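Some notes on the structure that comes next.
Just so you know, these numbers come straight off a predicted model, no measurement behind them.
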Amino acid sequence: MPPALEASTAHSCAASPPAPEREPGLLKKIARSLGPGLITGAADDDPSGIATYSQVGAQFGFGLAWVLLFSYPLMAVTQAIAGRIGCVTGDGIAQNLRLHYPRWLLRVAVLTLLVANIVNLGADLGAMGTAAQLLVGGPALAYTAAFAALCVLLEVFLSYARYAAVLKWLTLALFAYVLVALLAGVPWGEAMRGTFIPRLSLSNADEVMAVLAVLGTTISPYLFFWQAAQEVEEQERRQTQPLYVTPKRGDGEIDRVAVDTWVGMGLSNLISWFIILAAAATLHVRGVTNIETSAQAAEALRPVAGEFAFVVFALGIVGAGLLAAPVLAGSAAYAVCETFGWTEGLDRKLKDARAFYGVIAVSTFLGFALNFVGLDPIKALYWSAVLNGLLAAPIMAAMLMIASNRKIMREFALGLRMRVAGWLAAAAMAAASAAFLILSALGTG
C-alpha cells in the first residue's frame with residue numbers, strides 16, 4: 001500500500017467515532033430484572049397450592065377462575081412492598097420489625113410463621129414423595145426423605161449465585177401445567193367468561209370458602225420474608241449498598257424490583273389459572289369434584305386426560321416442590337436469625353452461619369417427620385392456611401408501616417398510590433381471614 005494511502009487510511013480509522021452501544025430491547029431489560037420476584041412468585045405454586053387450585057377447578061369448573069385475576073394485583077403490590085423494604089434498608093422483614101416495633105409482635109409473627117412453614121413443608125414433601133411413587137413405584141416415604149435431604153444439601157452447599165440460578169431454572173417446571181391444560185382441550189370461550197366475568201354466590205358457603213382458600217394460598221407471609229431477604233442477598237452478591245446509603249441508584253433499583261415482582265407474580269397466577277382450567281376441563285366435566293391432594297389430582301387425570309398428561313402433571317408436582325420447599329425452609333431461617341441477630345444468608349459458608357443452616361435443616365426435618373406421624377394432608381393444609389391467613393394481614397400492616405415511614409425508608413417511602421393499594425390488599429386479607437374463621441366455626445366447607 002502506498003505510504004500516503006496508508007497514512008490516510010490510518011487517519012480515517014483513528015478519526016472514526018466508536019459505534020454507539022445498542023440499547024437492550026424491552027424483553028432483554030425485563031429478563032435482566034428477573035430474580036427474587038420471579039423465584040418468589042414461582043414458589044407460591046407449591047404442591048399445596050396445586051391441590052387447592054385443582055380442587056377449585058374440579059368442584060366449580062371455570063366459575064371461579066376470576067379469583068386469580070382479582071388476587072394478582074393484591075399479591076403483586078404486597079410483594080413489591082416487601083422487595084422495596086429489603087432493597088432500601090438492607091434488612092429483611094423480621095430485622096425491620098426487631099429494630100422499629102415491639103418485640104412481642106416480632107416473636108408472635110416469627111413463631112406463627114415457623115409453625116405454618118413446617119406444616120406446609122410436611123404437606124409439600126409428602127406430595128412430592130407420593131408423586132414420585134405414582135411415577136416410578138416404590139415407597140413414598142423413601143422419596144420424601146430423599147427430596148428433603150436434597151433440598152437441604154442444595155441450600156447448604158451451593159453458593160447463593162448458583163442456587164438462585166437453580167431456582168430460576170426450576171420455574172420452568174411450572175409450565176408443565178400449561179401443557180396439561182392445552183392437552184385437556186379447554187373450551188376457551190367458557191374459560192374466558194369464567195375469568196373475566198366474576199360470579200360468586202354469597203349464600204353458597206363452599207364457593208366462599210374456595211375463594212378464601214385461593215387468597216390464602218396466593219398471598220402467604222413466607223413469601224414476604226423470602227423476597228425481602230433475597231433483595232438483601234442480591235445486594236451482597238453484587239457488592240452494592242442499600243438504597244438509603246446510595247440513593248442515586250434509587251429509581252433504577254425500585255423500577256427493577258417492580259418489574260421483577262409484577263412479572264414473577266404474573267407468572268405465579270398464570271400457572272395457577274392453567275391448573276384450574278386443566279382440572280375444570282377434565283375432572284369437573286366428568287363429575288370428579290373432590291380432590292384432596294396434588295398427587296390425587298395427578299392420578300385422577302390419568303383415566304381422563306391420558307397417560308402423558310398424568311406424567312406431566314406429576315413431574316410438575318416434583319419440580320414445584322423442589323422450588324417451594326427450600327423457600328419455605330429458607331424464609332423461616334431468615335426470620336429466626338433476624339429475630340436473634342444471628343448471621344444469616346445463603347451466600348455464607350456453613351461454618352459462618354451454622355444457626356441459619358441449622359434452622360433450614362431442622363425445619364425441613366420436622367416437616368418430613370410429620371409424614372411419619374400419620375399426617376393428614378387435608379388437616380395439614382387447613383391449619384397451614386389458617387395460620388398463614390391469620391398472620392398475613394398483621395404482617396402486611398406492619399410492612400406498610402415500615403415502608404411508609406420516612407425515617408426508615410427516606411425518600412423511598414411509599415407514595416399515596418402504593419399506600420392505598422397496600423392497605424386495600426391488607427384489608428382484603430383481613431376480611432378473608434375473618435370470613436374463613438367464621439365459616440369454619442359454623443362448620444361449613
Would R348 and E233 satisfy salt bridge (Lys or Arg N to Asp or Glu O under 4.0 Å), going step by step from the backbone distance to the final call?
CA-CA 10 Å; R348 307 282 184 180; E233 292 270 18; over 6 Å; no

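With contacts defined as side-chain heavy-atom distances shorter than 4.5 Å, the pair Y53/T217 qualifies. Counting heavy atoms from C-beta on, the side chains of V88 and P242 never come closer than 4.5 Å.
In this model, a donor atom of one side chain and an acceptor atom of the other lie less than 3.5 Å apart for N269 and S71. Neither side chain, N117 nor S363, offers a donor N or O lying under 3.5 Å from an acceptor on the other. Between N371 and T144, the side chains place no donor N or O within less than 3.5 Å of an acceptor N or O (distance only, hydrogens not considered). Residues T261 and Q227 have side chains that bring a donor and an acceptor to within less than 3.5 angstrom of each other.
Atom CG in L414 sits 12.5 Å away from atom CE in M401 (nearest 0.5 Å). In this structure, Q79 CD and L74 CG are separated by 12.0 Å, a value rounded to the nearest 0.5 Å. Note that the SG atom of C337 and the CD atom of Q95 stand 11.0 Å from one another [nearest 0.5 Å]. Atoms CG and CG, on L99 and L106 in that order, are 9.5 Å from each other to the nearest 0.5 Å. Between the CZ atom in F147 and the CG atom in D124 there is a gap of 12.0 Å [rounded to 0.5 Å]. With values rounded to the nearest 0.5 angstrom, R103 atom CZ is found 11.5 Å from L105 atom CG.
Of all the heavy atoms in I81 and L400, the pair that sits closest is CD1-CD2, 3.6 Å. Shortest non-hydrogen contact noted between A210 and F60 is CB-CE1, 3.4 Å. Taking each heavy atom of N96 and Y101 in turn, the nearest pair found is O-CD1, 4.1 Å.
Screening F224, Y222, F356, F340 for a ring pair (Phe, Tyr, Trp, His ring centres under 6.0 Å) with Y334, the sole residue that qualifies is F356. Remark: of the listed residues I39, I93, D44, I39 is the sole one forming a side chain to side chain contact (heavy atoms under 4.5 Å, CB included) with W226.
Environment of CZ in F308: sparse, with no more than 12 heavy atoms of neighbouring residues, nucleotides or ligands closer than 6.0 Å.
Aromatic rings from F313 and Y177 are positioned such that their centres are separated by under 6.0 Å. Between W262 and Y72, the distance from one ring center to the other falls under 6.0 angstrom.
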